[in-house]
Each structure stands twice: as structure tokens, then as C-alpha cells.
Amino acid sequence: DSVNCQQGFITEIHCPLTVPIRTQPLTDTYAVDPTPFARGKFATVRRCKHKETGIEYAAKCIRKRRRAADIRHEIMHEMYVLKLSENCPHIIHLHEVYETATEVNLVLELAAGGELQRVLEDQEVIAEMEAARLMRQILEGVAFLHHNNIAHLDIKPQNLLLTSALPQYDVKLCDFGISRLILKGSEIREILGTPDYVSPEILQYEPISLATDMWSIGVLAYVLLSGHTPFGGETKQETFWNITSGILEFPEEIFCGVSNDAKDFIQRLLITEPSERMTAKESLCHSWIKKFCDPENTEKDLSRRSSMDEANTEVSDVPSEFSKD
Ligand SMILES: Cc1cnc(Nc2ccc(CC#N)cc2)nc1Nc1cc(C2CC2)[nH]n1
């Protein structure tokens, strides 16, 4: 399709994928909470309620000028990626867009449960079955993006939102502010992302690819199961050194009770050579994801890792086979 991209931004998309942009003030239609959920460097996110329907959304207000540079094309890129993903249940939905002279307001689906990061802060680790269930949903969202040649480039617990506070919550990917369209031949090398989740190729200024997201997913799986980051150091420099060293360890004191399948899943993602990592599709076929998520399996009494000391999960040595696509 005639996608015209420069440096990985989707500028205009040939198809009826237009997004109506309203110019009347957001506050005519929505009652906006004064206190923001989250305040990023360039965006502020607030809960808001539609005055007629009473439905609640999240309004992401992005300033158009950043250090005097006009970044409207970046905002339009994020809007297009969200619009492109409107049928994916694991990506936050874009409802509508408002624009003024100085800012763009994306009215987005509200994920009332907040950031996965909060859950990790409250309960440190997540039961392995729950981690696999969340990981499958995240992988389905990422597989959708990668099928459209879009790399998210900032996958981390702060950008994974929970639909509710109840235990059987679902998870949705958000924040496409630094996502990029990755097309064959277009080499994109930019220092992006968050230290603990950044991949070796980014640190070595190598081309960024869809595999860059798979590294971050490996880090995320490690954190969900152990409560620790695999390469975290005392300083940023030490973390970066650990990441490029490619040394991956599963210390017994933080991985006791975690199945070999789960470790194999992580090992097949935290590989310094991007082309050797599993793709999102291959990850969805990995036995750790299938074992916990196939319907017939959940009937069986799968050992649930309730806490560190009770953990006596039988170590399953099922070889992790997955289809080569
Ligand atoms: C209850 C809640 C609490 N905290 C955040 N934090 C947060 C995290 C990342 C980004 C980064 C972005 N974008 C913005 C806010 N989002 C929430 N709900 C949202 C947030 C949203 C849409 C994504 C804004 N829907 N429901």
C-alpha cells in the first residue's frame, strides 16, 4: 500500500483509514479530571467522562511543539498506529481526536486497572500461570503490530495496562509515541526506550528491527516471574554493560519454583543476535505459552506457584518445540 514513511513514521495511509479530527474544545464534550494519571515528558493523561453517554475514557493531551520543533507528524503517526490497531483486543483503542493550535488530544479507551508496573510493585512476583496468561495477550498484541511491520520500541510494565483491578483482568498495550514502521531496507538507528528494557542493538547503534521488541518481551517475562530485571546494575552504564555482555542467569533464590519451560522461553528471547530471537508468532507457539493457555490444559490441575516457600512446582522438562514459520 502506498505508505509514505520517512524515518519510520506513517505519514499518510492509502485506505479509508482517516481519523476525524474535531476542533471544538475537548471540554465541551467531556468532563476531564484535573489530576492526571501519568505525566510524560510531552504528554499528560487524564481520566475523562463523556457528558452525554457517561462513558469514561483516558484523554492523552500531547503538546504540538517540542523545543520549538513541530512534532505534529509524530503525533499523527501515533494516531495512525492506534487507528490501524482498532480491531486488536490487546491494544488500547482510540475513540476520537481533538486538536487545538497548541495540542492534540487523543481520547483513548480507559483501562481502569492501571499499569502492570503497580501490580509488580505491590505483589513483587506473579504466579507462573498468570504470567503466561498475560504474556500470551501481550504477544498477541505485539504479533498484530509486527504483522503490520510496526515495532513498539518501548515495551515495559508501565506501558501495559490492566482492564480492571479484579484478578482475571486482561492486559492492553499502549503508548505508540516512539513506535516505528520498519520496512526492508530502511535502516533506523536511534537511541530509544527505557534502560532496563533496551536491547543490545540499540546500545550498539545497530539497525532497529521487530526483534528489538522481542528482547524487551524477554526482559518482561524475567521480571514477571522473578520480580528482578535480568541486567539491572548499580548505574545505567553497568546495566548497559550487562545487556551487551549477553550473560543471562537465573539465580535460584529468585527463580525457585519457576518451570524450565519458562526459563527456556526467556532464553530464546534474550539473545544478543536479533535474528536468533523467537518472533512474536514463534513465541505464541512456545510450550510455556501453549502449556498454560491451551483450554484442555487449564482443566488439569496445573501446579499454581502460590508463593516462594510453597513452590514445589514439578519441573516440567517438556522440550519447547515451536513451529518455524
Ligand atoms: C487507570 C490508569 C492509571 N495509570 C495509567 N498510566 C498510564 C500509563 C502509560 C501511559 C502512556 C500512554 N499512552 C499513560 C497512562 N493509565 C491508566 N489508565 C489508562 C491510560 C490509558 C491510555 C493510554 C493512555 N487508558 N487507560
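The residues of the chain are indexed from 1 along the displayed sequence. Hydrogens, waters and symmetry mates are skipped; everything else that's a heavy atom, side chains included, is used. Every number for a ligand or one of its atoms is a count from 1 in the order of the listing.
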J.: With no hydrogens and no angle check, is any side-chain donor or acceptor of R46 less than 3.5 Å from a backbone partner on P34?
T.: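 Confirmed, R46 side chain pairs with P34 backbone.
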J.: Name the closest protein heavy atom to atom 9 (C) of ligand 1, giving the residue it belongs to and the distance to 0.1 Å.
T.: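 I find the closest protein heavy atom is Q158 O, 3.5 Å.
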J.: Can you tell me if D264 and H286 form a side-chain donor-acceptor pair at under 3.5 Å?
T.: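 Yes, side-chain donor-acceptor contact under 3.5 Å.
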J.: For the residue pair S287 / D261, report whether a side-chain donor-acceptor contact shorter than 3.5 Å exists.
T.: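 S287 and D261 do have a side-chain donor-acceptor pair below 3.5 Å.
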J.: Starting from atom 26 (N) of ligand 1, which protein heavy atom do you reach first, and at what distance in Å?
T.: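 Ranking protein heavy atoms by distance from atom 26 (N) of ligand 1, first comes A111 N, 2.8 Å.
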J.: Which of these passes ring pair (Phe, Tyr, Trp, His ring centres under 6.0 Å) with Y222: F250, F265, W215?
T.: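 The residue from F250, F265, W215 that satisfies ring pair (Phe, Tyr, Trp, His ring centres under 6.0 Å) with Y222 turns out to be F250.
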J.: Just by distance, no angles: are the side chains of K64 and T102 close enough, under 3.5 Å, to form a donor-acceptor pair?
T.: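 Side chains of K64 and T102: no pair found under 3.5 Å.
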J.: Can R268 and E276 be counted as an ion pair, charged N to O under 4.0 angstrom?
T.: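 Here R268 does not pair with E276 in a salt bridge, since their nearest N and O are not under 4.0 Å apart.
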J.: Using a 4.0 Å cut-off to any heavy atom of K60, which atoms of ligand 1 qualify?
T.: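 Once the distances to K60 are compared, the set is 12 (C), 13 (N).
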J.: With heavy atoms under 4.0 Å as the rule, classify the contact between C174 and ligand 1 as side chain, backbone, both or neither.
T.: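 The answer is the side chain.
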J.: Distance under 4.0 Å to a non-hydrogen atom of E109: what atoms of ligand 1 satisfy this?
T.: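 That gives atoms 21 (C), 25 (N), 26 (N) of ligand 1.
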J.: Quick one: look up the protein heavy atom nearest atom 15 (C) of ligand 1 and list residue, atom name and how far away it is.
T.: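 Going atom by atom, the protein heavy atom closest to atom 15 (C) of ligand 1 ends up being A38 CB, 3.6 Å.
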J.: For ligand 1, which is the ligand I care about here, please tell me if E78 has any N or O atom under 3.5 Å from one of the ligand's N or O atoms.
T.: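 No, no N or O pair falls under 3.5 Å.
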J.: Under 3.5 Å, N or O to N or O, is E115 touching ligand 1 that way?
T.: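 Yes, since at least one N or O of E115 sits under 3.5 Å from an N or O of ligand 1.
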J.: If you take the centroid of each ring, where Trp contributes its six-membered ring, are H90 and F144 closer together than 6.0 Å?
T.: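 No.
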J.: What atoms of ligand 1 come within less than 4.0 Å of a heavy atom belonging to G114?
T.: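 Listed by number with element: 1 (C), 2 (C), 3 (C).
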J.: Quick one about E201 and T212 (side-chain donor to acceptor, distance below 3.5 Å, no hydrogens or angles considered), yes or no?
T.: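 Result is yes, a qualifying pair exists.
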J.: Got the closest protein heavy atom to atom 12 (C) of ligand 1, with its distance?
T.: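 For this ligand atom, the closest protein heavy atom is D175 CB, 3.5 Å.
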J.: Relative to ligand 1, is V45 under 4.0 angstrom through side chain, backbone, both or neither, heavy atoms considered?
T.: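 The part of V45 near ligand 1 is the side chain, not the backbone.
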